[in-house]
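All remarks here apply to the structure that follows.
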Protein chains: 2
Amino acid sequence: MPSVKKQKHSGYKVTVLDYSILGLLAGNSFTGYQIRMIFEKTAMGSFSGSPGTIYPALARLEKQGLIGKKDVAGKNTELFVITRTGMSALRTWILTSPTRDEITKGLDALSLKIAFLDLADDGKKRSRFLIALSEALQQYISELEAYYKSAAANMPKGGRLAYEHGIESYKLTLKWVRKVQAAYPTKP
Amino acid sequence: MPSVKKQKHSGYKVTVLDYSILGLLAGNSFTGYQIRMIFEKTAMGSFSGSPGTIYPALARLEKQGLIGKKDVAGKNTELFVITRTGMSALRTWILTSPTRDEITKGLDALSLKIAFLDLADDGKKRSRFLIALSEALQQYISELEAYYKSAAANMPKGGRLAYEHGIESYKLTLKWVRKVQAAYPTKP
DNA sequence: CCAACCATGTAAGCTGTTACATGATTGA
DNA sequence: TCAATCATGTAACAGCTTACATGGTTGG
């Protein structure tokens with residue numbers, strides 16, 4: 001097992017929710033309320049969109065300099081805008097090789113990265129990321145299958161069915177990643 | 001939208017992690033350490049298996065009377081065993097109609113319910129649960145498709161691909177639930 | 001005998017959630 | 001004018017994670 005980076009509280013950690021917000025702001029400027037409504041009405045990343053979720057996240061992002069506020073003439077509301085730092089942090093995150101956790105604990109983070117993939121315009125890094133992703137998926141599927149083979153006999157019927165479905169889901173995701181690869185070819 | 005039960009802290013809430021542990025103990029008795037290892041080595045429900053996760057959960061469950069401790073002769077370890085109350089709480093949970101959250105925010109809880117489905121031996125309730133589940137999935141898929149139709153035009157390519165994959169995943173799950181239904185027929 | 005594993009726990013921290021507030025603006 | 005919606009926040013809380021501790025047991 002490779003050593004995992006362990007750090008207690010090195011200042012700040014940008015969460016998946018934070019990156020979701022950054023990704024939204026990468027395409028447009030929004031008020032906090034508008035962002036809330038997007039999360040509430042469209043099941044974005046499965047976060048709640050309640051004020052207690054969104055506003056603290058916005059405050060976190062602003063403190064880190066990843067987003068800023070902009071007054072809008074006439075209106076007395078403020079728009080949140082992504083900063084250059086924020087944009088580059090987002091791009092870096094999108095193209096960072098998937099972690100073990102991103103593969104094993106739900107694929108939300110990965111879906112999000114791909115949803116925002118157009119923001120990362122470096123074709124080379126992009127295809128490197130996609131290759132790493134499909135390899136990681138393949139490997140994990142092998143692990144799941146190996147375990148299933150060894151343990152299925154002692155599982156109840158429901159357990160087997162659930163496990164099989166887990167494997168099938170990952171296979172579907174792998175097929176999808178290959179489709180994404182085809183949709184973002186490296187320029188020759 | 002139907003009203004959602006809102007309660008702040010009515011004593012205790014049994015979490016998905018708690019039910020995972022209950023489900024394990026429904027089939028066997030384990031020491032805390034053994035349970036930890038199961039979570040660590042088999043990605044059960046994607047929880048961590050570290051002591052800080054498992055032991056507090058075991059303490060919670062014991063305080064609620066859902067599990068108990070049993071000395072084992074000779075050895076100086078203690079085994080955790082599920083109580084009658086715990087067993088019935090688990091059965092009730094397994095057969096409770098899926099909530100909106102269980103459908104929208106990851107399908108982990110639902111997979112778990114099906115993994116433990118054999119413990120709920122009431123065939124009638126079981127098929128009622130599975131019917132409710134497939135209907136809820138169908139409905140959610142329709143919602144996703146309707147939204148996609150209206151919003152796809154304004155999405156970047158990656159966004160479309162990610163959203164499509166979300167829908168496909170739910171469709172796969174629905175197909176799976178139908179398979180489960182076939183595997184647990186109501187006795188005529 | 002010493003390392004590896006078995007075994008159990010606690011402390012601190014962060015994130016996200018719910019619920020509670022408060023006010024401005026708009027439209028019917 | 002009065003309700004709905006826009007808009008922003010805070011307080012309390014639960015649950016999971018990481019990291020820190022501490023010992024007993026077993027095998028090479």
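Lettering follows sequence order; numbering is per chain, from 1. The figures that follow rest on heavy atoms only: side chains count, while hydrogens, waters and symmetry mates do not.
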Mutual orientation of the aromatic rings belonging to A:Tyr140 and A:Tyr170 [parallel < 30°, tilted 30-60°, perpendicular > 60°]:
perpendicular
Do the side-chain N or O atoms of B:Thr15 get closer than 4.0 angstrom to the phosphate oxygens (OP1, OP2) of D:dC16?
yes
Shortest non-hydrogen separation from B:Ser29 to B:Gln34 and the atoms involved
O-OE1, 4.3 Å
Write down the distance between CZ (B:Phe30) and P (C:dC6), rounded to a whole number of angstrom.
15 Å
Atom NZ of A:Lys13 to atom C1' of C:dG13: distance rounded to whole Å?
12 Å
Please give, in whole Å, the distance from C:dA7 C1' to B:Ile35 CD1?
12 Å
Rounding to an integer number of Å, can you tell me how far B:Arg36 CZ sits from C:dT10 C1'?
14 Å
Spacing of A:Asp71 atom CG relative to D:dA7 atom P, expressed in whole Å
14 Å
Is the shortest side-chain N/O distance from A:Tyr33 to OP1 or OP2 of D:dC6 below 4.0 Å?
yes
Is the Lys NZ or Arg CZ of A:Lys157 less than 6.0 Å from the centre of B:Tyr184's six-membered ring, within 45° of the axis?
yes
Residue mapping more 5' on DNA chain C - nearest nucleotide basis, B:Lys105 or B:Gln34:
B:Gln34
Just the rounded figure in Å: distance from C1' of C:dC6 to CZ of B:Phe80.
14 Å
Testing the 3.5 Å rule here: is there a donor-acceptor pair between the side chains of B:Gln139 and B:Glu143?
yes
Tell me the interatomic distance from B:Glu78, atom CD, to C:dC6, atom P, rounded to whole angstroms.
18 Å
Parallel, tilted or perpendicular, judged at 30° and 60°: which one describes the rings of A:Tyr163 and A:Tyr147?
tilted
Under a 4.0 Å heavy-atom cut-off, which of residues 48-65 of chain B touch DNA chain C?
B:Pro51, B:Gly52, B:Tyr55
Aromatic plane relationship, A:Phe47 with A:Phe39 - under 30° parallel, 30 to 60° tilted, over 60° perpendicular:
perpendicular
When you check the gap from the basic side-chain N to the acidic O, do A:Glu145 and A:Lys171 get nearer than 4.0 Å?
yes
What's the CG-C1' distance between A:Asp101 and D:dC16, to the nearest Å?
12 Å
